Each structure stands twice: as structure tokens, then as C-alpha cells.
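Shown next, in C-alpha cells, is the structure this report addresses.
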Amino acid sequence: MSDTNGPKALLTRIRVWLIVFAVCLVLSGATAFPLVTELRLLDSASTGWASPVADLLPGLAEWIHRVRGGLETADGQAPYLLYGTDWLAFAHLVIAVAFHGPYRDPVRNIWVVEFGMIACVGIIPLALVCGPIRGIPFWWSVVDMSFGVIGILPLLHVRRLIKRLEATGPTWAPATGPVPAGAAGPAQSGRP
């Protein structure tokens, strides 16, 4: 597959995909902060008189109601437990920031994309092992695993684009300012 505008077009495509991925990480992290409020709204919406969710997917509506009750109990009796979800949110935000490296210099920082791919794969055994231990219904573990499957797809695509960019040689080098004398710049640095 040829790139009509060469390395510049590849770099633009890589950066767009990285922005989309980072925004999704930030959004998924941000939703971990207001869990109690979110579950109240979701429970009300799924069991309200105008919602077909309870009729079409009674197991889902029941699960949402059960999780809401558990979160409200934790919030009322042991709010410090929800601090763990604050850290979950923070982790998403930090991981999103890490993708700034490949945004600036994709070839040199491809390892961040590969790290993200490993994390996506790791979601599957985590859900399969911890889900049953915590009493999570299997179908919900499948929903959790889908985040890994969906997340790895753009990262695989970005990794392929970075490899194509790397193959174009030093002509793609990002504008990161002057390189100090004696130091290897992004385009000149060798990869082991």
C-alpha cells in the first residue's frame, strides 16, 4: 500500500490514531470517578417506564441494579473503597499521557504502542481469572474482555503504520529542535 504524500501522510495518520486512542483512554478513565452517580442514572434509565432494556435484557438490568446497590452501600459505609476506582481512573489518564511519546517520535517510541498492545492482551486473563473470583457474571467478563480486543485493533494498525514510516528512512524525522553535537537524533538513532 503506497502513501500518496509519503512519510508526512503516514505521520499524520499515526498521530490521528494516537489522539483517538488517548482520548478514549481519558474518557474511560474519567468515567471511573463518578461511578455512584453514573450507576444511579444508568439504573434509572434501564428500569424506567420508557426503557426496553429491562424487557429485552432482564439480566443486564438486574446486574446494573445490583451493582448500583453495592456501590451505594460502599459509598455510604466505606467510601474509601471507591478510592481504588479513583486510582483506576488515574492510571487511564497516565497511560494516555504516555502516548505523547509516540505522537512526537513514533519510530523511537513504538515501545509505548507495543506496551499498550500487551496491556490489551492482559485484559483477557485478568477478566477470566478475577471475574469469577469477584462473582462477576461471565457475560460481563466478556464485555470487559471486548475492551482489550477493541483497544488492540487501532494499536495494531498504528504499529504497522510506524513500521512503514520507519522503512522510509530518515526523511520522516520529527521537528524536535536541534540535536546536540555528538548525540544521535531521532532519524539517526539505531534500534537494537
Side-chain angles (χ1 to χ4, degrees), residues 1-35 38 82-131 136 140-192:
M1 178 184 281
S2 66
D3 299 294
T4 57
N5 294 329
K8 185 175 180 174
L10 271 173
L11 187 59
T12 300
R13 289 171 58 197
I14 289 166
R15 287 178 170 170
V16 167
W17 277 107
L18 288 171
I19 288 169
V20 168
F21 191 80
V23 166
C24 289
L25 274 171
V26 168
L27 291 175
S28 66
T31 62
F33 285 117
L35 282 179
E38 288 172 346
L82 296 178
Y83 188 53
T85 61
D86 296 337
W87 279 104
L88 169 71
F90 178 73
H92 278 77
L93 301 177
V94 169
I95 293 168
V97 170
F99 280 90
H100 180 66
Y103 180 88
R104 286 186 61 208
D105 188 341
V107 172
R108 209 166 171 190
N109 294 300
I110 193 171
W111 69 270
V112 175
V113 174
E114 293 168 344
F115 168 80
M117 293 167 61
I118 292 167
C120 287
V121 170
I123 290 171
I124 294 170
L126 177 83
L128 289 174
V129 171
C130 294
I136 306 296
W140 191 260
S141 292
V142 171
V143 170
D144 289 338
M145 289 184 281
S146 74
F147 285 97
V149 173
I150 292 167
I152 202 169
L153 295 176
L155 294 178
L156 281 168
H157 182 62
V158 167
R159 186 179 184 283
R160 280 193 286 269
L161 291 175
I162 292 171
K163 288 297 187 180
R164 284 175 35 202
L165 181 64
E166 182 179 34
T168 66
T171 59
W172 74 271
T176 57
V179 177
Q188 296 86 26
S189 63
R191 291 187 46 102

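Fair warning: this is a prediction, and the values are worked out from it, not measured in the lab.
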Between Asn109 and Pro102 the two heavy atoms that sit nearest each other are CB-N, 3.6 Å

Value for CD1 (Ile14) from CZ (Arg159), rounded to nearest 0.5 Å, stands at 12.0 Å

When rounded to the nearest 0.5 Å, the distance separating NZ of Lys163 from CD of Glu166 is 4.5 Å

Taken to the nearest 0.5 Å, the spacing of Ile150 CD1 from Leu155 CG works out to 12.5 Å

Residue pair Val149, Met145: steps toward the side-chain contact (heavy atoms from CB on, under 4.5 Å) verdict: CA-CA 7 Å; Val149 173; Met145 289 184 281; 5.6 Å; no

Between the CG atom in Leu128 and the CD1 atom in Ile123, the distance rounded to the nearest 0.5 Å is 11.5 Å

For Phe90, the ring-ring contact (aromatic ring centres under 6.0 Å, His included) test, sequence neighbours excluded, returns Trp87

Value for CG (Leu18) from CZ (Arg104), rounded to nearest 0.5 Å, stands at 13.5 Å

Which is it for Leu161 and Leu165 under the side-chain contact (heavy atoms from CB on, under 4.5 Å) test, yes or no, and what are the steps along the way?
CA-CA 6 Å; Leu161 291 175; Leu165 181 64; over 6 Å; no

Would you give me the side-chain donor-acceptor pairs under 3.5 Å for residues 27-35, sequence neighbours excluded?
residue, atom, partner, partner atom, Å
Ser28, OG, Cys24, O, 3.2
Ser28, OG, Leu25, O, 3.0
Thr31, OG1, Ser28, O, 2.8

For Gly131 and Ser141 the tightest heavy-atom approach is CA-OG, 3.9 Å

Checklist line | Step-by-step side-chain contact (heavy atoms from CB on, under 4.5 Å) determination, Val113 to Trp111 | finding: CA-CA 5 Å; Val113 174; Trp111 69 270; over 6 Å; no

*asked:* Quick check: do Leu11 and Pro106 have side-chain heavy atoms less than 4.5 Å from each other?
replied: yes

ring-ring contact (aromatic ring centres under 6.0 Å, His included) pairs touching residues 8-29, sequence neighbours excluded, are Trp17-His157, Phe21-Phe99

